[in-house]
Protein chains: 2
Amino acid sequence: MAGRKTNPPFLNGVPELLLLELLARRSMYGYELVQAIRAATGGELEFGEGCIYPILHRLEGQGVLAAQRQAVGGRVRVVYGLTAKGKTQWAESKSAWQRVTQAIHHALQGGERGRAALAS
Amino acid sequence: MAGRKTNPPFLNGVPELLLLELLARRSMYGYELVQAIRAATGGELEFGEGCIYPILHRLEGQGVLAAQRQAVGGRVRVVYGLTAKGKTQWAESKSAWQRVTQAIHHALQGGERGRAALAS
DNA sequence: GCTTGTACCTGACGGTTCGAGGTATCGCAA
DNA sequence: TTGCGATACCTCGAACCGTCAGGTACAAGC
């Protein structure tokens, strides 16, 4: 339990979920995404570049994202956007997340009462 | 992306959170907790014994849980309950979870609009 | 006697994230 | 013009968590 300071110890696959969400709105490049996630979560969550870039590359390899090199100034940005497959995955991830969090939320609430809501 | 069939790929520290929640209500033993989690989440989440037992032992070692051996029939059950420290940690974990999921939820909703809420 | 269910436990494996490091360009200020 | 910080990309090793497959043992039913 020694190391581990930054983010709270939940989350797994959450970076990917957030990536898909943000890219569903508009194409962005890696460095931008790192800060967009921080902004979008009100600073609550923060994933380093060492977390984001590998995911980006993996998703691109899976055909979920499409990369496009853009020259801006004298620099090159790699802008990512969702493919058709990506949109499907985005929708799936999102609903999976909602199912899971609802289940947990339910478990955190449903003590002695609230069992009625379990209508098969 | 090969392996990974059972649970959706979010979650980290979630088993621990659920453990604390359930034990805050009443003392339980390991095997019971495994099924209680499944029941409490409507079957959505399922953590095996290989996940639960190590956490139980770790939390006991940290003074978060107190174990008590009970002889039932010809068998011995190890019943766990929250210590004072455990109750603190339970509250902390719970509020942390809520903060995080709210942040993510917010990120999943707040598209182009809702930026106004970012005062300062 | 054998299988199934209860009840405990462990260890190897794999995936994900973290942290620190490395490169290069641009703009600004000293 | 030199240095610094911000931008922008990338990679690697370590750590952690959860999964899966195993292993023990008792009780009850067939």
Side-chain angles (χ1 to χ4, degrees), chain A residues 1-20 27-39 41 45-62 65 67-80 93 97 100 104, chain B residues 1-19 27-38 41 44-62 65 67-80 93 100 104:
Chain A
M1 59 159 279
R4 182 57 57 91
K5 279 291 104 83
T6 48
N7 282 325
F10 315 107
L11 356 135
N12 225 5
V14 168
E16 185 178 321
L17 173 68
L18 259 9
L19 245 39
L20 291 174
S27 295
M28 295 172 103
Y29 50 97
Y31 191 79
E32 195 183 4
L33 280 161
V34 170
Q35 335 196 102
I37 287 180
R38 180 170 31 200
T41 60
L45 263 31
E46 181 167 352
F47 301 102
E49 303 166 39
C51 174
I52 297 304
Y53 283 116
I55 296 178
L56 250 18
H57 299 155
R58 197 190 74 229
L59 292 180
E60 189 192 355
Q62 292 173 359
L65 300 183
Q68 213 174 346
R69 312 199 141 256
Q70 278 184 4
V72 178
R75 254 193 232 99
V76 175
R77 282 182 189 160
V78 186
V79 178
Y80 294 90
S93 295
W97 167 257
V100 169
I104 296 176
Chain B
M1 57 160 278
R4 183 57 61 89
K5 279 291 103 88
T6 48
N7 283 323
F10 314 107
L11 353 135
N12 225 5
V14 169
E16 184 178 321
L17 173 68
L18 259 8
L19 245 40
S27 295
M28 294 172 104
Y29 52 97
Y31 192 79
E32 194 182 6
L33 282 161
V34 170
Q35 338 196 98
I37 287 180
R38 179 171 32 199
T41 60
E44 193 68 45
L45 261 32
E46 181 169 351
F47 300 103
E49 304 166 37
C51 174
I52 297 304
Y53 284 116
I55 296 178
L56 250 17
H57 299 155
R58 197 189 75 230
L59 292 180
E60 189 192 354
Q62 293 171 358
L65 300 183
Q68 213 174 345
R69 313 198 141 256
Q70 278 183 6
V72 178
R75 254 193 232 97
V76 176
R77 282 182 189 158
V78 186
V79 178
Y80 294 90
S93 295
V100 169
I104 296 176

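Lettering of chains follows the sequences in order, A, B, ..., and the numbering in each one begins at 1.
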Identify whether the distance between the nearest side-chain nitrogen and carboxylate oxygen of A:Glu32 and A:Arg77 falls below 4.0 Å.
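No, no charged N to carboxylate O under 4.0 Å.
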
Which part of the nucleic acid, if any, lies within contact of [X], taking any heavy atom under 4.0 Å across all strands shown: a base, the sugar-phosphate backbone alone, or nothing?
| X | result |
| --- | --- |
| A:Arg77 | sugar-phosphate |
| B:Glu49 | base |
| A:Val72 | nothing |
| B:Gly74 | sugar-phosphate |
| B:Gly30 | sugar-phosphate |

Between [atom2] on [N] and [atom1] on [X], what's the gap in Å once rounded to a whole number?
| X | N | atom1 | atom2 | result |
| --- | --- | --- | --- | --- |
| A:Arg69 | D:dC9 | CZ | P | 9 Å |
| B:Arg58 | C:dC9 | CZ | C1' | 17 Å |
| A:Leu45 | C:dT17 | CG | C1' | 12 Å |
| A:Gln62 | C:dG15 | CD | P | 12 Å |
| B:Met28 | C:dT6 | CE | C1' | 15 Å |
| A:Leu33 | D:dA8 | CG | P | 12 Å |
| A:Asn12 | D:dT19 | CG | P | 10 Å |
| A:Glu32 | D:dA8 | CD | C1' | 11 Å |

Quick one, [X] and [Y] - any side-chain contact, counting heavy atoms below 4.5 Å?
| X | Y | answer |
| --- | --- | --- |
| A:Phe47 | A:Val14 | yes |
| A:Leu19 | A:Tyr80 | no |
| B:Glu16 | B:Leu59 | yes |

Is there a side-chain polar atom (N or O) of [X] under 4.0 Å from OP1 or OP2 of [N]?
| X | N | answer |
| --- | --- | --- |
| A:His57 | D:dC9 | no |
| A:Tyr31 | D:dT7 | yes |
| B:Tyr29 | C:dA7 | yes |

Among [options], the nucleotide that comes nearest once only the side chain of [X] is considered:
| X | options | value |
| --- | --- | --- |
| A:Pro54 | C:dT10, D:dT11, D:dC10 | D:dT11 |
| A:Cys51 | C:dC18, D:dT7, D:dG18 | C:dC18 |
| A:Ile55 | C:dT10, D:dA8, C:dT17 | C:dT17 |
| A:Pro15 | D:dT19, C:dT17, D:dA8 | C:dT17 |
| A:Tyr80 | C:dC9, D:dC17, D:dC10 | D:dC10 |
| B:Tyr53 | C:dA7, C:dT17, D:dC10 | C:dA7 |

Judged by nearest nucleotide, the residue sitting upstream toward the 5' end of DNA chain D, B:Ile52 or B:Arg75, is B:Ile52

Locate the shortest heavy-atom distance separating A:Ile52 from A:Gly30; write the atom from each residue and the value.
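Nearest heavy atoms, A:Ile52 then A:Gly30: CG2-O, 4.4 Å.
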
Do other residues, nucleotides or ligands put more than 12 heavy atoms under 6.0 Å from B:Gln68 CD?
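No - once you tally the heavy atoms of other residues, nucleotides and ligands closer than 6.0 Å, there are 12 at most.
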
